[in-house]
Amino acid sequence: MKAIILAGGSGKSLQPLTYSVPKSMVRLFSRPVLAYVIDLLVKNGFDDITMTAGCMAQQIEDYLSSFNLDSIRLRAVREQIPLGTAGSLKSAAKDFKEPFLVINGECVCDFELNKIMKFHHAHNADVTVACTKVSDPRECAVIEFDDDDKVKTFTDKPTWSCAFSDCVSTGIYVLNPEILHYIPDGRPYDFSKELFPLLMREGFNIVHCQQEGFWSDIGNPEAFLRCQADILDKKSKIELPSHADGIYSEQPVESEDFNIIKPCFIGRNVTVGAGSVIGPYAVIEDGCKIGENTSISSSALLPYSSIGGNCEIKGSIVCGKSIIKSGTRLMQGSVIGGDSIIGSGSLIGRHMVIPPQSLVENGTQATKDIQYSHTVLCLKSFNRFSGQPGTELGSVNASIIGQALASMEIGKKTGVLTDGTPVSKAFLHSLCGALMLHGAQVWNFGEGFYSQLEFYTRFCGMKSGIFISYENDEIQISLCGENGLSLSNLSVREIENRIKYRDFVIPDASSIKDVSDMTGVNMMYRREIIRQSDTELSDVACTVKSSNEKIKMLIDDCLYRLGCRTGDSLTFTINRHGTLLSAFSRDCGNLSHERLAAICLNYEAQNGRDVSAPFNSPAAYDGIASKHGRQVYRYYNSPTDFSDAAARELSRSSAFMRDALFMAVKILNIMAVTGKSLKRLSNELPQFYVTKKSVDLSFSPAELSARLSRSSPKLTREGIIITYPQGRVLLTPSKSGKSLRLLAEADSYEISKDLCSQAEKLIENQ
């Protein structure tokens, strides 16, 4: 049987362990991870094994040459350029005439691979995907399949809002050789993002094969330590050389002068000083030296590292040949790069990462970022950083955000806008300086509110915009993407990873450009508000309220230019960001943003136009549009692919659906053109009411669909829908996965509230 091991990746997410070795050559219990993959293949009867080698390929080739496996063909094929998971496969398997297995070079598992091959043949499959269940599927490709094991969808690295299954691809596949014809030559190509969706569209038989054994992808330092602990806990069939029960070593361990707490692993030629405590879950690789009265737990010391006396190493990784001097503490999640020296009495704080070949002075308190910290910054929603100035979100972190965004393709031309407060202006200087120094072209739109940023980004054809505001003692740095919409999940992940790993582009000085003053574009925003009406508004009257004085002044001026009279029979209220509109009319009472948007949508559909709206907007919108033979295109809050591209493009002409100032003028225009009151316009629509609520989750969102199975939930690309006879409830997890947003819709407010309560009880009782 033939197998291909994919080992061409750079292993950036596992740095600094992978600065000097490829990911598949990272040491795990004194052996490269690659050794366990080869062992598994040989054990399962594979006798023709090919490796794709890219980054630091020579190390892989040298290691393979050290193997002496009788009757096993073992070879490496170099990638001249990085070609992605599927792209590297084509040249390696070009001469294959029979189905073959594909496995990642950093995949640590004990699956029965020969049974996966048999499953492939028994199901007459074109592609078989080996799957397993995980508690957090966001770093994997989530699989949805039918009762016949046929795969229905792949969602690669989803957000919690579409990760409603705990069944994920393990990166182990069986492929028929004909599949190779669908992989393009000479360019990067990905399995779950590109190849498999293409094959599904072409009607190929792609099946899911569930596996029950141990599986771990050591994708980052946390996963690496977790994999070690699981193997020490015997959750895997991987066998370690045993010295005694729970103590693993290839040679006798003399521990009269120090204590060992099981389980742990100790390599060859390790020396430990008197009074030290090793374990639990400590992995001490070959040639390490440990001083007196030192404790090491839940950690990994890679070969030939040295730990002084009176140290505490907890939940950390010390890369090879590093020296940790006496009295030093390494806290949970810290990683010390290879060939580094950490001075005496130092403190390396939680999740701190010290680059290779670093020299940390004696007594250093490294509790803030030295090069990069895994938790220094994370988008708290899909498009916003927030925190108190000087603490969670200081000026240094504002600079880091700017460096990350400027290093991305979407950040090459970036618009910035502030709310005009002194604090937001101070943050603007830090952020703009970083953007400029890292090669971005910065357009400064001055002062305003968030919906203006969306307009400027859309109007100026930019792929990113930044709004900085300060309210309630909190600074907020809000981002938007192309067409002024939220960032894609791909962009969110990229900006967070660039921040996490300090993966910044450093251009030469000649590429640094001055900030462009774009404050004049404010007049275009004003003009577009006025253009929402194609007639004078002298026959209508209203009053507009907003807690944001900038909004109040701008909309009043626009209405004055349109001839709208002031009157209290109709009052619009706009939130401080300019994104939500509500109304009160004497003849029909309060109308929500959703109801007012439906009036605009109905008018557009009557006039032969489709409309773009957020995915979580009411289902009633679809019925309103279809009544006139039109359609509502829905875009996602954080799309994982390009399936909502048409909706995002159409949103350019449907800005009134999310800009409250545009919507207010459009409503008045509809009233003036049709001669209908707001009450009559509302009464022409079907009755629908929306109730929103947020509830805490005590379990992983990946378990949600299984827990709600009795309610026949409908899985969507951004949430789960529970349908009741009286209406429906959309359940959408937050970005963190710790809470769930409920949006209930029914034809009366009381019923929508009741449905929301029913859904909440259903979740709580599972």
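Residue numbers count from 1 along this sequence.
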* Asked: Taking all non-hydrogen atoms of both residues, which atom of I218 and which atom of A223 are closest, and how far apart?
  -> CA-CB, 4.1 Å
* Asked: Is the backbone N or O of G45 less than 3.5 Å from a side-chain atom of N114, with the two atoms forming a donor-acceptor pair by type?
  -> no
* K2 NZ/CZ over F96 ring centroid, <6.0 Å and within 45° of normal -> yes
* Can you check side chain to side chain contact (heavy atoms under 4.5 Å, CB included) on F100 and L180, steps first, answer last? -> CA-CA 11 Å; F100 58 94; L180 298 174; 4.1 Å; yes
* Applying side chain to side chain contact (heavy atoms under 4.5 Å, CB included) between I342 and each of I354, T364, L359, I323, report the one that passes. => I354
Can you give the donor-acceptor pairs under 3.5 Å from side chains of residues 302-315 to other protein atoms, not counting sequence neighbours?
| from | atom 1 | to | atom 2 | distance (Å) |
| --- | --- | --- | --- | --- |
| S305 | OG | L302 | O | 2.9 |
| E312 | OE1 | R329 | NE | 3.3 |

* Before accepting this row, confirm whether a basic side-chain N of the pair E112/K118 lies closer than 4.0 Å to the acidic partner's carboxylate O. => no
* To do: Might you work through the salt bridge (Lys or Arg N to Asp or Glu O under 4.0 Å) test for D339 and K321, ending with a clear yes or no?
  => CA-CA 5 Å; D339 296 298; K321 300 180 182 179; 5.4 Å; no
* Asked: Between H120 (side chain) and I116 (backbone), is there a donor-acceptor pair under 3.5 Å?
  -> no
* To do: Compare all side-chain heavy atoms of N293 with those of V277 and state whether any distance is below 4.5 angstrom.
  => no
* Please determine, by modelled atom types, if N489 and T159 share a side-chain donor-acceptor pair under 3.5 angstrom. => no
* To do: Start with the C-alpha gap between I290 and T271, add the side-chain angles, then the distance that decides, and say whether side chain to side chain contact (heavy atoms under 4.5 Å, CB included) holds.
  => CA-CA 6 Å; I290 300 167; T271 60; over 6 Å; no
* **side chain to side chain contact (heavy atoms under 4.5 Å, CB included) assessment of I278 paired with N259** => CA-CA 6 Å; I278 307 301; N259 295 319; over 6 Å; no
* Return yes if some donor-acceptor pair links the side-chain N/O of S299 with the main-chain N/O of S297 below 3.5 Å, else return no. => yes
* Can you tell if the side chain of V335 reaches within under 4.5 Å of the side chain of I348, non-hydrogen atoms only? -> no
* Could you walk me through whether E222 and R350 pass the salt bridge (Lys or Arg N to Asp or Glu O under 4.0 Å) test, one step at a time? => CA-CA 12 Å; E222 296 95 330; R350 291 174 58 85; over 6 Å; no
* Do the charged groups of D245 and K234 touch, with an N to O distance under 4.0 Å? -> yes
* Asked: Is the backbone N or O of K193 less than 3.5 Å from a side-chain atom of D190, with the two atoms forming a donor-acceptor pair by type?
  -> yes
* To do: Check whether any side-chain heavy atom of P280 lies under 4.5 Å from a side-chain heavy atom of L232, and answer yes or no.
  => no
* Cationic N near anionic O, under 4.0 Å, R31 to D39 -> yes
* Give the C-alpha distance, both sets of side-chain angles, the deciding distance and a yes or no for salt bridge (Lys or Arg N to Asp or Glu O under 4.0 Å) between R78 and E61. => CA-CA 9 Å; R78 280 203 187 195; E61 292 170 351; 2.7 Å; yes
* Under 3.5 Å, is there a donor-acceptor pair linking the side chains of S135 and S700? -> no
* Structure fact -> Here the pair of heavy atoms bringing M117 nearest to L101 is SD-CB, 4.0 Å
* Take I336 and I317 through the test side chain to side chain contact (heavy atoms under 4.5 Å, CB included) and record every step on the way to the result. => CA-CA 6 Å; I336 310 300; I317 300 174; over 6 Å; no
* To do: Please answer whether the main-chain N or O of C227 pairs with a side-chain N or O of S216 as donor and acceptor at a distance below 3.5 Å.
  => no
* What pair of heavy atoms forms the shortest contact from A92 to R75, and how long is it? -> O-NH2, 3.3 Å
* Roughly how far, to the nearest 0.5 Å, is the CG atom of N497 from the CG atom of D503? -> 8.5 Å
* S30 side, atom OG; R268 side, atom CZ - distance, nearest 0.5 Å -> 6.5 Å
* Asked: In Å, rounded to the nearest 0.5 Å, how long is the span from CG of D156 to CD of E139?
  -> 9.5 Å
* Asked: So, the side chain of W215 versus the backbone of V108: is there a donor-acceptor pair under 3.5 Å, distance only?
  -> no
* Any donor-acceptor N or O pair under 3.5 Å, side chains Q211, T132 -> no
* Structure fact -> In terms of heavy-atom contacts, L195 and A86 come closest through CD2-CB, 4.3 Å
* **Carboxylate-amine/guanidinium proximity below 4.0 Å for E494 and R498** => yes
* Are any side-chain N or O atoms of S358 and backbone N or O atoms of V360, one a donor and one an acceptor, separated by less than 3.5 Å? -> no
* **Minimum heavy-atom distance S249-G267, with the two atoms named** => OG-O, 4.2 Å
* To do: Could you go through the ring pair (Phe, Tyr, Trp, His ring centres under 6.0 Å) check for Y173 and F191 one step at a time?
  => CA-CA 10 Å; Y173 315 115; F191 278 117; 4.7 Å; yes
* Taking side chain as C-beta onward, heavy atoms only, is Y248 less than 4.5 Å from I231? -> no
* Report yes or no: does T170 contribute a side-chain atom to a donor-acceptor pair with the main-chain N or O of A130 at less than 3.5 Å? => yes
* Asked: Distance-only, no hydrogens or angles: does the Q15 side chain make a donor-acceptor pair with backbone N or O of N220 under 3.5 Å?
  -> no
* Between E212 and K237, does at least one N-O distance fall below 4.0 Å, as a salt bridge requires? -> no
* Heavy-atom check, side chain of R707 versus side chain of F699, under 4.5 Å -> yes
* To do: Supply the atom-to-atom distance L34 CG to L64 CG, rounded to the nearest 0.5 angstrom.
  => 6.0 Å
* To do: Work out which heavy atom in I206 is nearest to a heavy atom in F196; give both atom names and the distance.
  => CD1-O, 3.8 Å
* When you look at CD of Q58, are more than 12 heavy atoms from neighbouring residues, nucleotides or ligands closer to it than 6.0 Å? -> yes
* Determine whether Y36 and D110 make a side-chain contact, defined as any pair of heavy atoms from C-beta on separated by less than 4.5 Å. => no
* Asked: Any sub-3.5 Å donor-acceptor pair from S346's side-chain atoms to T328's backbone N or O?
  -> no
